[in-house]
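To find a chain, count down the sequence lines: A is the first, B the second, and so on, and within it residues start at 1. Computed over heavy atoms, backbone and side chain alike; hydrogens, waters and symmetry mates excluded.
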Amino acid sequence: MKKGNKYGTHRVIEPKGVLPQPANKLDNNMDEIYDNEILIDVKTLNIDSASFTQIEEQAGGDEKKIAEIMLDIVARQGKHRNPVTGSGGMLLGVVEKIGDALVGKTDLKVGDKIATLVSLSLTPLRIDRIKEIRKEIDQVDIDGKAILFESGIYAKIPADMPETLALSALDVAGAPAQTAKLVKPGDTVLIIGAGGKSGMLCCYEAKKRAGVTGKVIGLCHSEKSTKRLQDLGFCDYVFSADATQPVPVLEKIEELTNGEMCDVTINNVNITDTEMTSILCTKDTGVVYFFSMATSFTKAALGAEGVGSDVTMIVGNGYTRGHAEITLELLRESEKLRKVFTELYA
Amino acid sequence: MEKGCKFGTHRVIEPKGTLPQPALKVDNTMSIYDNELLIDVTTLNIDSASFTQIKKACKGDIEQMEEMILSIVDERGKMQNPVTGSGGMLIGTVREIGPNFPDKSLKIGDKIATLVSLSLTPLKIGRIKNINFDNDQVDVEAQAILFESGIYAVLPNDIPEKLALAVLDVAGAPAQTERLVKKGDTVCIIGGGGKSGVLCSYQAMKNAGPEGKVIVVEYSKENAQRISDLNLATHVIVADATNVMEVYHKVMEITNNEGCDVTINNVNVPSTEMTSILITKDDGLVYFFSMATSFSKAALGAEGVGKDINLIVGNGYAKGHAELSLNIIRESDTIKELFSKLYV
């Protein structure tokens, strides 16, 4: 077996010298693996929500066209990185082969069912056939193979819950785990895009951390998701608004917080132009956490300066230690959460 | 006097509901609301991307450039270049202060530089007096409005105006460095040889102290030499910051494979996110000042290599940033000399 690099640079075809994520093309030949790789027999791709929304729009909602676009992306790049959004997603599969150098070092065995927690935007992938597209949950069942690098993170699928349920929660595992780190007792927290998958997990975790002296405000878009979040009862206030309109949202938050604004704002929406809303709703000494892959770096940076806000803005890091365990634990802890996730995503 | 919104939305003509910066047109009537400042403008410091675009579009003809600037301001009520979207800043004297403007120490007649972009500042130009090709400055007879949330600096008497402006332009960088770097830290400044890089290096050396390490990564040999000569770093690496593995190996060698506590990215070229991430310790912090940073490259990059680090979006504003950066010029004769030579 050939020796591989920890970060997978041995699979980069072009441009040379870069890591797999920014690369334009990866080697997705799976006939032979390197000594520190894991070969996965892929069952399901969980496409990143911003990416899936973009592909669906481009295809005009037509399933055949969605399949064509996906196959074309992988044929060109050797991985499923959306050329417009730059984002990927994750996958579910079974361990087929383990590189020699990892034997004894990894806790995985051939036949284990795992979810990769690194982005599809850097994972060598081959799609042989697209079997089913489930538009409402951004999941695509395929016949295909993928490679996990030595530095790649993954989670074993737990035995006490259905795999699609575990997968849908693991996909956004970073969000509730970071929420747990950021929110302190007594904080006022705003969750933008609170009715979505990561939004609901963040609301639950935020309320747990902020406690009875804290305040959690959920901003949703559709009437349906607003109603759903209200029924879940995690938030102190839930309201519906267009997050791309800073002024009306700002006025509402001023009213709800007596003009004090929020200590922590967590942005989970998958649409553009919500940076200013996030900044203006946050205290000058507060923190904005951008989980949305639709965030524009320059809009955030220049936006804060333009209104003279001394806010700390953090780029959402999908990985933090223990994030898979923390997130799966939430589904065990909260009946309500598990029920709504099962209904919507499993 | 009418009451204004803190962020100036009362001046937005279209589209309604947006803030002054994304607005297509703002009201540039020069009578103030209760929380505004009226400024007699002497000089516009046009953003370099914007100035270059105007110069090209007019083939360098001064009269045409004057016309173009006047028509932009006439159409939009502000000097926001419709192609680049950018603005710049201005210098002027305070003419009138609204009774509810927050800073009570400001006086009529004070000479100030606005530190918010011209792309959101209501402006009315009476006459263009001179266009200076060397420094992208336009001398004007004009008036402008500063909103309650708008930031500015009173120009000091003890520092030449142009030197002060050059420093104020990047004031956020050293101010954030001051907050982030602790005693004994290992710090890497990527793009440490440029204007903001030099100020960050100076501040990082001061905060990290003798037990700390300050590593500068710089592309240009000349700039790197200057950093060594001026003693603004403990280690200097001459390398292309987009070459991830080369920089990674060099930093690991200097830090005994530990990596850095704080990495500050100041380079204005794309694709340096991964370099910044890989050289930073787990639980460390990367501060992205570069406007060429890609949000998704940073977010997915850290996840992709399984790194638990904090990635921060550089905020050009920090409380007290103007004062802190001007103080560096007062404190350090070497930087004063260098900046006077390079930027004045």
Can you say whether [X] sits under 4.5 Å from chain A via the side chain, the backbone, both, or neither, judging by heavy atoms?
X       : answer
Y248(B) : side chain
T9(B)   : side chain
I312(B) : both
F147(B) : neither
L278(B) : side chain
T293(B) : both
S86(B)  : neither

Could you pull out the closest heavy-atom pair between [X] and [Y], with the gap in Å?
X       : Y       : answer
A299(B) : M293(A) : CB-CE, 3.5 Å
A300(A) : V313(B) : CB-CG1, 4.2 Å
G314(B) : A301(A) : O-CB, 3.3 Å
I151(B) : E305(A) : CD1-O, 3.8 Å
F295(B) : F290(A) : CZ-O, 3.2 Å
G304(B) : S151(A) : O-OG, 4.1 Å

Checking [X] side chain against [Y] main chain: does a donor-acceptor pair fall under 3.5 Å?
X       : Y       : answer
D308(B) : R321(A) : yes
N317(A) : K307(B) : yes
N315(B) : V311(A) : yes

[atom1] of [X]: more than 12 outside heavy atoms within 6.0 angstrom?
X       : atom1 : answer
K319(B) : NZ    : yes
E254(A) : CD    : yes
K3(B)   : NZ    : no
F239(A) : CZ    : yes
K6(A)   : NZ    : no

*Residue, of E273(B), Q176(B), R179(B), K6(B), that accumulates the most heavy atom pairs under 4.5 Å with chain A*: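 Counting heavy-atom pairs under 4.5 Å, the top option is R179(B).
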*Under a 4.5 Å cut-off applied to non-hydrogen side-chain atoms, are V247(A) and F7(B) in contact?*
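A side-chain contact is absent here, since even the closest heavy-atom pair is not under 4.5 Å.
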_Taking the side chain as everything from C-beta on, heavy atoms only, tell me whether N5(A) gets closer than 4.5 Å to M245(B)._
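Result yes, sub-4.5 Å side-chain heavy-atom pair found.
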Under a 4.5 Å heavy-atom cut-off, does chain B meet the side chain of [X], its backbone, both or neither?
X       : answer
S121(A) : side chain
T85(A)  : backbone
K16(A)  : neither
I153(A) : side chain

*Considering heavy atoms only, which positions within residues 277-287 of chain A lie below 4.5 Å of chain B?*
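Only L280(A), D284(A), T285(A) of residues 277-287 of chain A have a heavy atom under 4.5 Å from chain B.
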*When heavy-atom pairs shorter than 4.5 Å are enumerated against chain B, which of L302(A), L19(A), V18(A), T9(A) gives the highest number?*
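The answer is L19(A).
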